[in-house]
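So that the names make sense, note that chain A is the first sequence line, chain B the second, and so on, each numbered from 1.
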2 protein chains.
Amino acid sequence: MGEKDDNLEPVDLDLGKVLTALADPHRRRVIRELAQADTGTERTCASFRLPVSKATVTHHFRVLREAGLIRQVDRGNSRAAALRREEIDTRFPGLLPLIAEEISP
Amino acid sequence: MGEKDDNLEPVDLDLGKVLTALADPHRRRVIRELAQADTGTERTCASFRLPVSKATVTHHFRVLREAGLIRQVDRGNSRAAALRREEIDTRFPGLLPLIAEEISP
DNA sequence: CCTTAGGTATGATGGATGTCATACCTAAGT
DNA sequence: ACTTAGGTATGACATCCATCATACCTAAGG
């Protein structure tokens, strides 16, 4: 249960993995922008314009996905990232507002 | 403003440092036990019985102190650690319950 | 005085992590 | 068909980090 990156139930979210994922400012920026956007918003990895190489962007999104914070849906050409808002809010209420309200560093 | 480990104002608490500090299970356990205890509780570092060497315990408590999560008051022989509950709750409301409710891993 | 307990300082070490360059793949546009 | 854009895979590299052993300090109790 819950090994396939996607299809994570709220109960599978691990606080350690989540906090580790959110310890990085780039990854926090991604989650912050998704949390501030409308629920269900899907964005490509590139749209965040992280100031790192493509390979590093892929790395960061993998960490976020494996922590259960985002879902990446294949869209042929690209992959859209969406916040797992419900699961996060269910398991860790109050976490997203904490990230969303950070003053962008 | 806020370089002297102690005397940190809530506004000085940095989310990145706080999340990094809480990413470690040993440090999370310390904060969890302090958060579950009565407000104002002071405990020695040794009383947490972390399964690591004394030097490593000192390291973990330094990280917690520099993140602004605890205050260490000198008591001659030993040093007592106390949660900076007010500052944390003011700056990051909802964070402590998140840590406190984790099922002890 | 000696011992013990709680902490710190320092240096070493192995593992995790953020980063990149390079090469490659796929789909869309021209 | 060629090019471009978004992503991934792999391997390398430097740095950070958790950990320890050792040595040292201070205060309390015998």
Can the positive tip of A/Arg43 be found less than 6.0 Å from the middle of the six-membered ring of A/Phe48, inside 45° of the ring normal?
yes
note: B/Arg43, atom CZ; C/dG7, atom P; distance rounded to Å ~ 11 Å
OP1 or OP2 of C/dG7 less than 4.0 angstrom from a side-chain nitrogen or oxygen of B/Thr58, does that happen here?
no
Check the pair A/Val30 / A/His60 against side-chain contact (heavy atoms from CB on, under 4.5 Å), numbers first and verdict last.
CA-CA 9 Å; A/Val30 170; A/His60 285 308; over 6 Å; no
Co-membership, hydrophobic cluster, residues A/Leu96 and A/Leu22, 4.5 Å side-chain:
yes
Give the rounded distance in Å between these two atoms: CG of B/Asp74 and P of D/dT26.
12 Å
Between CG of B/Leu22 and C1' of D/dA18 the distance, given in whole Å, is 16 Å
Whole Å only: how far is the CG atom of A/Leu50 from the P atom of C/dG18?
13 Å
Does A/Ser78 put a side-chain nitrogen or oxygen below 4.0 Å from OP1 or OP2 of D/dG6?
no
Gap between atoms CZ and C1', on A/Phe61 and D/dG6 respectively (whole Å):
12 Å
Identify whether any heavy atom of A/Arg27 sits under 4.0 Å from a base atom; if not, whether one sits that close to sugar-phosphate; answer base, sugar-phosphate or nothing.
sugar-phosphate
Show the numbers, then the answer: is there a side-chain contact (heavy atoms from CB on, under 4.5 Å) between A/Gln72 and A/Cys45?
CA-CA 9 Å; A/Gln72 273 179 296; A/Cys45 307; 3.5 Å; yes
Give, for atom CZ of B/Arg28 and atom CG of B/Leu98, the distance between the pair rounded to the nearest 0.5 Å.
10.5 Å
Choosing from D/dT19, C/dT19, C/dG6, which nucleotide comes nearest the side chain of B/Lys54?
C/dG6
Distance check needed: C/dG7 P versus B/Arg62 CZ, whole Å only.
14 Å
Side chain of B/His59 - closest among C/dG18, D/dT19, C/dT8:
D/dT19
Proximity to the side chain of A/Cys45 - top-ranked nucleotide from D/dG7, C/dG7, D/dC17
D/dG7
Pick base, sugar-phosphate or nothing for B/Ala46, based on heavy-atom distances below 4.0 Å to the nucleic acid.
sugar-phosphate
Could you tell me whether A/Ser53 contacts a base, only the sugar-phosphate backbone, or nothing, with contacts defined as non-hydrogen atoms closer than 4.0 Å?
base
Counting just side-chain N and O atoms, does A/His60 come under 4.0 Å of either OP1 or OP2 of C/dT19?
yes
Separation of D/dG7 atom P from A/Phe48 atom CZ, nearest Å, is 10 Å
For B/Ala80 and A/Thr56, take the nucleotide of DNA chain C holding the closest heavy atom to each; which residue's nucleotide lies nearer the 5' end?
B/Ala80
Which heavy atom of B/Leu34 sits nearest a heavy atom of B/Arg85, and at what distance?
O-NH2, 3.3 Å
In whole angstroms, how far is the C1' atom of C/dG18 from the CZ atom of A/Arg28?
14 Å
Looking across every strand, which nucleic acid part, if any, lies under 4.0 Å from B/His26 by heavy atom: base, sugar-phosphate, or nothing?
sugar-phosphate
Does B/Thr44 have a side-chain nitrogen or oxygen under 4.0 Å from the phosphate oxygens OP1 or OP2 of C/dG6?
no
OP1 or OP2 of C/dA27 versus the side-chain N and O atoms of A/Arg75: is any pair under 4.0 Å?
no
